[in-house]
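Chain identifiers are assigned alphabetically (A, B, ...) following the order of the sequence lines, protein sequences preceding nucleic acid strands; residue numbering begins at 1 within each chain.
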Amino acid sequence: MRQSEANRKPSSTGYLGLAVLGLGLAWAVDLTDILVPATLVFMAFRAMAGVGLTLVMGISGQAVLGQAAFFGIGAYSALALTADRGWPMAATIVVAMAISAVVGGILGRLVFPLSGHFLAMATLAFGLIFLNLVQWAEPITGGNNGGTVPPIGIGSWRFGKDEFLGIDGDRFAFLVAWALVIGAVALLDGIVRSRSGRALIALRSSPMAAATSGIDTVRARTGAFMMSSAVAAFAGVLYAHFIGFVSPDAFSLLVSIELLILVTLGGLRSVWGAPLGAVALTLLVELTKFLAEHLVDGSSAPYEIMALGAAIVVVMLVAPGGIASIRWPLHRKAAVPNTRVAPARAAS
Amino acid sequence: MSRELQFLMTGLGQGGIYAVIGVGFVLIHNVTNVINFAQGEFAMIGAMLATTFVAAGTPLPVAFVLATAGAALVGVAAERFTIAPSRGYSSDVRIIITVGTAFLLQGLGLALWGADPRSLPAFTPGPPVRVLGAALPRQTFWVLGFALLVGLSLWLFFNRSIVGKAMMASASDPDAARLQGINPVVMGMIAFTVSAGLAGAAGVIIVPLTAASTSIGVPLALKGFIAAVIGGLRSPLAAIGGGFTVGVAEAMLGGYVSSALKSALTFLLLFVLLLVMSRDGRLSGVARV
C-alpha cells in the first residue's frame, strides 16, 4: 500500500499548478479588500521561515523554539547593514544568511549529539539570548525602540509602495512574497526527495538504524538546521525592508511559538505544511482579534495568546499530522509520499 | 567578602525557586517521561492567585494554601486534558503539547490579571538580617527553607514510600509496572498535581522578593529545566542543587560582569555547563543518540 503510494510521485509541476491556481483565486476574490495587505505579506514571510522549520522539525524530527531569533538576525542585518551602512540588499541577504547558518551550525553541532528535547531548550535559550543582545547593543539595534529600514527600490520606484505595470504596490508585494514561498517549498520538496532528504527521514523514524546505515546523524541534522536558519534570515531581511521598521517585539518568544504553531498546524510531515499553516494561523489570529474587539474591553493580545496555545494542543491531540494530513479528496495528489505519516506512536 | 556573600545569598534565594521548579520537571519526567513546558506557568498562577487573595483581604497563610491548591488544580486539569489524551504519542509531540498548554495558561493569566507586576508583603516582616556584612531580606530564608524541605521530602517519598517507588516503576517500565498492579495513569496525575502545587507554592514565596507578572512563566521554566538537567533529570535532590547553581551563577554574572547582559550570559554559561556535563556522560538522564 505504502509502496504503491510512494511510486505515485506527484511531480513538482503539479505543485506549481496548484499554487498558481491558489494565487489566482486569491487574486480573483481580491483578498486585499478583506485583510490588511501588510498582513498578507507578513503571512508569506512567516510561511517562508516556516518552510525552513518544516525541514528541521518535520523531516528530521527535532523541535525548534527559537526560530524568531534567526528571523531577527535577518531583520537586524537589514537595519545595521542596508539602512545604517548603505549596503546593497543582496549583500545584506548573503551576509545575514551566512551569519544565521553559522550560528545554527554551532548550535546544531553542540546540541544534536544529545537527545530530542535539548534542541528545544537550546533554541529557546538562544532566542532569549538574542533578545538580550539586541537590547544591550543599543547603538546598533536601537535597543527597545528599534529602528527604521528603507523600502527596497530601484531609482524612485519603491517595492510594496508604488505600482508596478499597473498592479498596485500592495498586491505586487503580495504576489512576489508568495512566489518566494512557493520557491522555498519547491526547494524543500527537492531536498526531501534527494539523498540527504531520505537520510533525514530515515533519521526521524529511527536514529539508531540510520546511524547503522552509515548516515552521520549529527552532520545531517546540523545541515538541515543550518539551512532552516538561513531561510529564516532571508525572510527576515525581506520582512524588515517591507515593514520598514525593526524592533525586538517582532522576534520575541511569542513569534517563535507562532512559527512553531504554523508548521504544526499546517502539518509537519508535508512540504506544504508551512504555507497552509500560515494561512490557518493568520485566519485564527484575525478571527480572535475580531471576536475580542467585539466581545471584551481592552487589548485582544491575551486572547490571541490563548487561541495560539489552544490551537497547538487541539491540533496535536486531534490530528498530529496537521491540516495537510487530513485527507481531502484533492489532497491525494498534493501529498508528499513518505512524509505524510503521522508522528510515530511509541510502542507502549 | 560582604559583596561576595551578598551575591551568593541573593543567588541562593533566587535559585531556590529554580530548584523547586526543577524538582517539578524531574517529578513529571520520572513518571510520564514528558518534559513539561508549562511548569513555569504553574508558578505564575500560584503567584497571581496569592496576590489576588491578599488584595481581597485574605490572610497571607490562607492565601498561600489557596494559591497552592489552585495551581495544583490547574496542574490536574492540564494532565487530564492534554497529557493523558496524548499517551503513546512520540515525545516531541508531547513536548509541543506542553508548549501549547504553557501559552494557553499565559494568555489566560494575561486576560485575568493584566501585564503589570504585582507584589506581596514578606512572610515575616522586619528589617533585613545582617550576616557577615551582607544584608539579606528575611524572605530569602523562607525560600531556602522551602527548597530544602521540598528536596528532602521528595527524596524520602521516592526512596522510602510505596507510592513513590510505584511512580518510579511506572516511569521506567509502564508495562511491567501495570503487571505489578500499578496504574501509570493515576501516577501521572499524582505527579502533575504535586509538581504544579509545588511550583505554585514557589511562585507565591518568590513574590515578596521580586515582584511577579504574568510573563514570569517561560524564563522560570527554562531555568528550572536547566536546574533539573544539571541534576541529571532523575533525582529531585540533585535538581535542588542544580537550582542553586543556576541562581548563584545568575547573581554572580549579573553582579560582576554586566547586569544588562545578565540573562544572555547566564543562559550561555548554563548551556556550556550542560554540554560539558553531558559530554562526560555524567548526566544519567541524558540519552545519547
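Of the atoms belonging to A:Ile261, not a single heavy atom falls under 4.5 Å from chain B. Using a 4.5 Å cut-off between heavy atoms, B:Ile226 makes no contact with chain A at all. Of the atoms belonging to A:Ile312, it is side-chain heavy atoms, and not backbone ones, that fall under 4.5 Å from chain B. Looking at A:Leu308, neither its backbone nor its side chain comes within 4.5 Å of chain B, counting heavy atoms on both sides.
At least one side-chain heavy atom of A:Leu65 sits under 4.5 Å from a side-chain heavy atom of B:Phe37.
Rounded to the nearest 0.5 Å, atoms OG1 (B:Thr101) and CE (A:Met316) are 11.5 Å apart. Rounding to the nearest 0.5 Å places CG of A:Leu128 at 5.0 Å from CZ of B:Phe267.
The most heavy-atom pairs under 4.5 Å with chain B, out of A:Leu260, A:Ile257, A:Leu133, A:Thr264, come from A:Ile257. For the options B:Pro219, B:Ala102, B:Gly100, B:Pro85, heavy-atom pairs under 4.5 Å to chain A are most numerous at B:Gly100. Your options are B:Leu110, B:Leu105, B:Thr82, and the one with the most heavy-atom pairs under 4.5 Å with chain A is B:Leu110.
Looking at A:Tyr303, its side chain never comes within 3.5 Å of a backbone N or O of B:Gly107 through a donor-acceptor pair.
A pairwise comparison of heavy atoms in A:Leu317 and B:Phe81 identifies CD1-O, 3.4 Å as the closest pair. Shortest non-hydrogen contact noted between A:Pro302 and B:Ala111 is CB-N, 3.5 Å. Between A:Met306 and B:Leu108, the shortest heavy-atom contact is CG-N, 3.2 Å. Between A:Ile305 and B:Phe103, the shortest heavy-atom contact is CG2-O, 3.3 Å.
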